[in-house]
Amino acid sequence: MKPACVLTIAGTDPSGGAGIQADLKTFQELQSYGMSVVTSVVAQNTTGVKNVHHLPDAFIREQLFAVSEDMPVHAVKTGMIANKEMMQVIKDWMQTVDAPYIMDPVMIAQSGDPLVEQEEQIYLKRHLVPESTLVTPNIPETETLLNKQIDNEEDMKEAAVEIVEKLGAGAALVKGGHLKGKAVDFLYDGHQLHTFEAERIDSANTHGTGCTYSAAIAAYMSRGYPLAQAVEKGKHFVTEAIRHSFNLGKGDGPTNHFAVRQEVFNQ
């Protein structure tokens, strides 16, 4: 029996909590075979980004085709894509594969450090968002995509619809982690608005939550789960990862990618 295969296209995190490292851990935990294409090598840890080295776009293209010419691709997830050249390479390559594309529009690090310049943010919005099956922005990313302020749940609902109907995404999951109260996310799939609610875990250890959430959705979709169910199960995965997070490092610690496995073992 061959496994479902999911590809992450993103930057690295040598501290292991975010980026490609978090994606691969998530894929493994959710029983999908993880593959990766590195866009940028990032010197970062729980306290922030120290430096970034972007790989040449031609080399990114070579990585992409090295994977897809040899291996099946059942889902694609992107994270940090730093410049227009990378975005164009990825967009062109996406035309050669038939798989759901989950975009985590990484533009700002958890620490607040900017990862993508404004010109690239505009390019991503105009050229990559319309290629996506699902876009998964948090509130700051949603504000950047739509150039509007998000203050409450009604704003989030309207934003999810707008990302689909005005920017051309297949679906949009606007995440409410930056608001107060329960952790509520809204998914608009082009036809219906879905609500996903979980308790808010009182933890500062949230490094890599966005990467982990979108990676979980990609893993479930690679295994054939429909979109809303993949989001529901991904929400549970990231909630438990935060609940059992690690107090590691001097900043916001990482989430626990094997928390759901511990749930099973402890039953």
Side-chain angles (χ1 to χ4, degrees), residues 2-12 18-40 55 57 59-107 116 123-125 127-137 141 163-164 167-173 187 189-190 208 210-231 233-234 237-238:
K2 294 182 179 179
C5 298
V6 56
L7 173 66
T8 174
I9 307 168
T12 65
I20 273 181
Q21 284 85 341
D23 294 345
L24 292 175
K25 291 176 184 179
T26 302
F27 299 159
Q28 185 76 10
E29 288 301 310
L30 297 179
Q31 302 177 55
S32 288
Y33 181 82
M35 306 174 291
S36 62
V37 167
V38 178
T39 58
S40 302
L55 296 184
D57 55 283
F59 187 67
I60 293 170
R61 183 181 187 279
E62 289 180 351
Q63 291 183 79
L64 289 166
F65 281 97
V67 172
S68 62
E69 289 173 354
D70 185 50
M71 308 285 282
V73 180
H74 299 120
V76 178
K77 180 248 174 177
T78 58
M80 178 182 175
I81 311 171
N83 59 50
K84 293 188 293 185
E85 290 76 19
M86 291 182 188
M87 294 175 193
Q88 186 62 57
V89 165
I90 292 166
K91 178 182 178 180
D92 292 345
W93 173 82
M94 284 296 304
Q95 311 308 311
T96 71
V97 296
D98 183 17
Y101 168 27
I102 293 80
M103 175 195 288
D104 182 16
V106 177
M107 291 177 273
V116 178
Y123 191 91
L124 179 143
K125 176 169 65 175
H127 297 278
L128 269 188
V129 168
E131 300 294 324
S132 67
T133 305
L134 174 68
V135 181
T136 64
E141 290 161 348
I163 290 171
V164 173
L167 299 188
L173 177 68
L187 169 69
D189 61 10
C211 304
T212 298
Y213 194 174
S214 58
I217 295 168
Y220 283 118
M221 293 195 74
S222 77
R223 293 171 51 196
Y225 284 86
L227 176 61
Q229 190 176 3
V231 172
K233 294 178 77 66
F237 183 86
V238 75

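Computed over heavy atoms, backbone and side chain alike; hydrogens, waters and symmetry mates excluded.
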Engineer: Where is the tightest heavy-atom contact between M221 and A230, given as atom of each residue plus distance?
Structural biologist: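 Of all heavy-atom pairs spanning M221 and A230, the closest is CG-CB, 3.6 Å.
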
Engineer: Between M35 and C5, what is the shortest heavy-atom contact and its length?
Structural biologist: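 Taking M35 first and C5 second, the nearest heavy atoms are CE-CB, 3.7 Å.
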
Engineer: Distance-only, no hydrogens or angles: does the T39 side chain make a donor-acceptor pair with backbone N or O of M80 under 3.5 Å?
Structural biologist: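 Confirmed, T39 side chain pairs with M80 backbone.
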
Engineer: Work out which heavy atom in T212 is nearest to a heavy atom in A22; give both atom names and the distance.
Structural biologist: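 Residues T212 and A22, closest heavy atoms: OG1-CB, 4.0 Å.
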
Engineer: May I ask you to test the V76-W93 pair for a side-chain heavy-atom distance under 4.5 Å?
Structural biologist: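 A side-chain contact exists here, since the closest heavy-atom pair is under 4.5 Å.
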
Engineer: With a 4.5 Å limit on heavy-atom distance, are the side chains of S40 and M86 in contact?
Structural biologist: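 Yes. Closest side-chain heavy atoms under 4.5 Å.
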
Engineer: Is it true that atom CZ of F59 has more than 12 heavy atoms of other residues, nucleotides or ligands lying nearer than 6.0 Å?
Structural biologist: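 It does not: F59 CZ has 12 such atoms or fewer within range.
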
Engineer: To the nearest 0.5 Å, what is the distance between OG1 on T12 and CG on D23?
Structural biologist: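 Here the rounded value is 11.5 Å.
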
Engineer: Look only at the side chain of R223 and the backbone of Q31, and say whether a donor-acceptor pair between them is shorter than 3.5 Å.
Structural biologist: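 Answer holds: no.
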
Engineer: Which pair of non-hydrogen atoms, one from L173 and one from L134, has the smallest distance, and what is that distance?
Structural biologist: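 Of all heavy-atom pairs spanning L173 and L134, the closest is N-CD1, 3.7 Å.
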
Engineer: Taking the side chain as everything from C-beta on, heavy atoms only, tell me whether Y123 gets closer than 4.5 Å to Q88.
Structural biologist: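 Yes, close enough: below the 4.5 Å cut-off.
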
Engineer: Say you draw a straight line from OG of S36 to CG of L7; how long is it, rounded to the nearest 0.5 Å?
Structural biologist: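 CG of L7 is found 7.5 Å from OG of S36.
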
Engineer: Could you walk me through whether H127 and L124 pass the side chain to side chain contact (heavy atoms under 4.5 Å, CB included) test, one step at a time?
Structural biologist: CA-CA 5 Å; H127 297 278; L124 179 143; over 6 Å; no

Engineer: Indicate yes or no: at least one non-hydrogen side-chain atom of F65 is less than 4.5 angstrom from one of T96.
Structural biologist: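 In short, these two side chains touch, coming nearer than 4.5 Å.
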
Engineer: Take atom CD of E131 as the centre, draw a 6.0 Å sphere, and report whether it contains more than 12 heavy atoms from other residues, nucleotides or ligands.
Structural biologist: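 Result for CD/E131: enclosed.
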
Engineer: Considering only heavy atoms from C-beta outward, does the side chain of T136 approach that of Y213 to under 4.5 Å?
Structural biologist: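 They are not in contact (no side-chain heavy atoms under 4.5 Å apart), so the answer is no.
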
Engineer: So how far is it from M71 CE to K2 NZ, rounded to the nearest 0.5 Å?
Structural biologist: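 Answer for the CE-NZ pair, M71 versus K2, is 9.5 Å.
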
Engineer: So, applying side-chain contact (heavy atoms from CB on, under 4.5 Å) with C211, which one of Q21, K77, K25 is it?
Structural biologist: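 With C211 as partner, Q21, K77, K25 yield a single side-chain contact (heavy atoms from CB on, under 4.5 Å), made by K77.
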
Engineer: Can you measure from CD1 (I90) to CD (E85) and round to the nearest 0.5 angstrom?
Structural biologist: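 I90 CD1 to E85 CD: 11.5 Å, rounded to 0.5 Å.
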
Engineer: If you take all heavy atoms of S32 and V6, which pair is closest and at what distance?
Structural biologist: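 That would be CB-CG1, 3.7 Å.
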
Engineer: Give the minimum heavy-atom separation between G234 and Y220, together with the two atoms involved.
Structural biologist: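 Closest heavy-atom pair between G234 and Y220: N-CE1, 3.9 Å.
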
Engineer: If you round to the nearest 0.5 Å, how far is CG of D92 from CG of D57?
Structural biologist: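 CG of D92 is found 10.5 Å from CG of D57.
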
Engineer: Report the distance from atom CD1 of I217 to atom NZ of K233, rounding to the nearest 0.5 Å.
Structural biologist: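 Rounded to the nearest 0.5 Å, the CD1-NZ separation comes out at 12.5 Å.
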
Engineer: Going by side-chain contact (heavy atoms from CB on, under 4.5 Å), Y101 matches just one of V135, T78, I9. Which one?
Structural biologist: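 Looking at V135, T78, I9, the match for Y101 under the side-chain contact (heavy atoms from CB on, under 4.5 Å) is T78.
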
